[in-house]
*Asks:* 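To start, I am sharing the structure in question, which I have written as structure tokens.
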Amino acid sequence: MSQVTLPHDAKAGPTKPEVRAVTLDKLDLRPTDHFVDVGSCTGSVTIEAARRVERVTAVERKPDRLDVTRKNLAANDYDADVTLREAEAPDGLPADADAMFVGGSRNFEAVLDHAVDTGVDRIVMNVSRVEPAGDAIEAFRERGMLSAVVQMQVSHGYELAGATSFRSNNPVYVVVGRRDAEGL
Ligand SMILES: C[S@@+](CC[C@H](N)C(=O)[O-])C[C@H]1O[C@@H](n2cnc3c(N)ncnc32)[C@H](O)[C@@H]1O
């Protein structure tokens with residue numbers, strides 16, 4: 001399958017390809033899943049999921065960014081039925097999702113409550129700042145859904161004086177939840 005192409009950009013995205021790879025692995029998507037992307041922005045995660053599952057709902061609070069999601073979707077191949085919703089979650093969240101990615105952290109506790117109440121099976125939240133990461137971990141734990149936390153720090157090589165050096169991206173905390181989690 002070709003790589004995701006994102007001809008249109010938006011300020012807060014995209015989730016980087018290597019981080020998406022781990023995020024998607026932890027989401028453990030299945031072909032019959034209804035997947036929800038909270039804070040779709042550039043649509044990079046929406047597109048990846050739309051190649052793996054039957055149905056996707058992308059929720060984004062900023063209309064210009066939802067428009068970027070729409071345009072980037074149009075530039076990629078996928079088979080899923082995709083619904084775009086301009087809303088600030090938990091508004092706009094469906095009641096029948098199987099898996100959810102929380103890339104936008106506004107109201108995340110209410111988003112997690114909605115996920116618990118509607119029986120979402122797998123949920124991943126990515127956070128880049130330390131204190132909000134701690135808050136997210138605690139919120140998953142309080143709801144009995146914390147199953148893993150992965151801290152990722154990716155660096156890319158570049159040529160320096162005839163050798164290879166590395167430029168590092170900021171670390172990302174990937175907080176992983178499951179309905180039947182046994183804790184860390
Ligand atoms: C870090 S970006 C997500 C990047 C995205 N995964 C991508 O690859 O482009 C966070 C996005 O979430 C949106 N957002 C934050 N909280 C939200 C909420 N509660 N509901 C909907 N969108 C939200 C922001 O407007 C922003 O576009």
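Counting starts at 1 for both ligands and their atoms, following the listed order. Note that the coordinates shown come from a computational prediction; the quantities given were computed from them, not determined experimentally.
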*Asks:* If we only count N/O pairs under 3.5 Å, is A89 in contact with ligand 1?
*Replies:* yes

*Asks:* Do me a favour and list the nearest non-hydrogen protein atom to atom 4 (C) of ligand 1 with residue, atom name and distance?
*Replies:*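 Scanning the protein heavy atoms, the shortest distance from atom 4 (C) of ligand 1 goes to C41 CB, 3.7 Å.
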
*Asks:* Taking only Lys NZ, Arg NE, NH1 and NH2, and the carboxylate oxygens of Asp or Glu, determine whether R85 and D91 approach each other closer than 4.0 Å.
*Replies:*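 A salt bridge is absent here (no side-chain N lies under 4.0 Å from a carboxylate O).
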
*Asks:* Working to the nearest 0.5 Å, report the span between CD of E86 and CG of D64.
*Replies:* 9.0 Å

*Asks:* Check this for me: R106, atom CZ, are more than 12 non-hydrogen atoms of other residues, nucleotides or ligands nearer than 6.0 Å?
*Replies:*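 Incorrect, the count does not exceed 12.
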
*Asks:* In terms of atom number and element, which parts of ligand 1 are under 4.0 angstrom from non-hydrogen atoms of G104?
*Replies:*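 Answer for ligand 1: 10 (C), 12 (O), 14 (N), 15 (C), 16 (N).
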
*Asks:* What is the closest protein heavy atom to atom 8 (O) of ligand 1, and at what distance does it sit?
*Replies:* S44 OG, 2.6 Å

*Asks:* Can you establish whether the number of heavy atoms outside Q153 located under 6.0 Å from its atom CD is more than 12?
*Replies:*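 Atom CD in Q153 is packed in, count exceeds 12.
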
*Asks:* When you measure from atom 3 (C) of ligand 1 to every protein heavy atom, which one gives the shortest distance, and what is it?
*Replies:* G39 O, 3.3 Å

*Asks:* Out of V175, D135, L184, which one pairs with F140 under the side-chain contact (heavy atoms from CB on, under 4.5 Å) rule?
*Replies:*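 Only one of V175, D135, L184 forms a side-chain contact (heavy atoms from CB on, under 4.5 Å) with F140, namely V175.
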
*Asks:* Counting each atom of ligand 1 from 1 as listed, which ones have a heavy atom of A87 under 4.0 Å away?
*Replies:* 20 (N), 21 (C)

*Asks:* Which ligand 1 atoms are under 4.0 Å away from a heavy-atom of P14?
*Replies:*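 Near P14, the atoms of ligand 1 are 7 (C), 8 (O), 9 (O).
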
*Asks:* For ligand 1, note which part of A10 has a heavy atom under 4.0 Å away: side chain, backbone, both or neither.
*Replies:* neither

*Asks:* Looking at S105, which atoms of ligand 1 are within less than 4.0 Å of one of its heavy atoms?
*Replies:*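 Those atoms are 15 (C), 16 (N).
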
*Asks:* What part of S40 sits under 4.0 Å from ligand 1 if we count only heavy atoms: the side chain, the backbone, both or neither?
*Replies:*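 Under 4.0 Å from ligand 1, S40 contributes backbone atoms alone.
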
*Asks:* Where is the nearest protein heavy atom to atom 22 (N) of ligand 1: which residue, which atom, and how far?
*Replies:* R61 N, 3.2 Å

*Asks:* Can you confirm whether D96 is buried at CG, in the sense that more than 12 heavy atoms of other residues, nucleotides or ligands lie under 6.0 Å from that atom?
*Replies:* yes

*Asks:* Between D121 and R179, does any NZ, NE, NH1 or NH2 come within less than 4.0 Å of an OD or OE carboxylate oxygen?
*Replies:* yes

*Asks:* Which residue and atom name correspond to the protein heavy atom nearest atom 10 (C) of ligand 1, and how close is it?
*Replies:*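 Its nearest protein heavy-atom neighbour is G103 O, 3.4 Å.
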
*Asks:* Could you tell me whether R65 approaches ligand 1 through its side chain, its backbone, both or neither, with non-hydrogen atoms closer than 4.0 Å?
*Replies:*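 The answer is the side chain.
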
*Asks:* Given R106, R20, K11, identify the one with the heavy atom nearest to atom 19 (N) of ligand 1.
*Replies:* R106

*Asks:* Are D33 and R122 within salt-bridge range, i.e. N to O under 4.0 Å?
*Replies:* yes

*Asks:* Where is the nearest protein heavy atom to atom 1 (C) of ligand 1: which residue, which atom, and how far?
*Replies:*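 For atom 1 (C) of ligand 1, the nearest protein heavy atom comes out as A12 O, 3.3 Å.
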
*Asks:* Could you tell me, atom by atom, which parts of ligand 1 come under 4.0 Å of a heavy atom of G13?
*Replies:* 9 (O)

*Asks:* Should K62 be counted as touching ligand 1, given the test is an N or O pair under 3.5 Å?
*Replies:*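 Between K62 and ligand 1 (N or O atoms, distance only) the closest approach is not under 3.5 Å.
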
*Asks:* Tell me if the CG atom of D9 is crowded by more than 12 foreign heavy atoms within 6.0 Å.
*Replies:* no

*Asks:* Report yes if some N/O of E60 lies less than 3.5 Å from some N/O of ligand 1; otherwise report no.
*Replies:* yes

*Asks:* Just need the protein heavy atom nearest to atom 6 (N) of ligand 1, so name the residue and atom and give the distance.
*Replies:*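 Minimum-distance protein heavy atom for atom 6 (N) of ligand 1 reads T15 OG1, 2.9 Å.
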
*Asks:* Is it true that R178 and D28 have a side-chain N and a carboxylate O under 4.0 angstrom from each other?
*Replies:*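 Yes, this pair counts.
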
*Asks:* Is D113 paired with R143 through a side-chain N to carboxylate O contact shorter than 4.0 Å?
*Replies:*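 Salt bridge present between R143 and D113.
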
*Asks:* Output, in order, the C-alpha distance, side-chain angles, deciding distance and verdict of side chain to side chain contact (heavy atoms under 4.5 Å, CB included) for V176 and V149.
*Replies:* CA-CA 6 Å; V176 185; V149 184; over 6 Å; no

*Asks:* Heavy-atom contacts with T42 under 4.0 Å: which atoms of ligand 1 show up? List them by number with element.
*Replies:*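 The list of qualifying atoms is 7 (C), 8 (O), 9 (O).
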
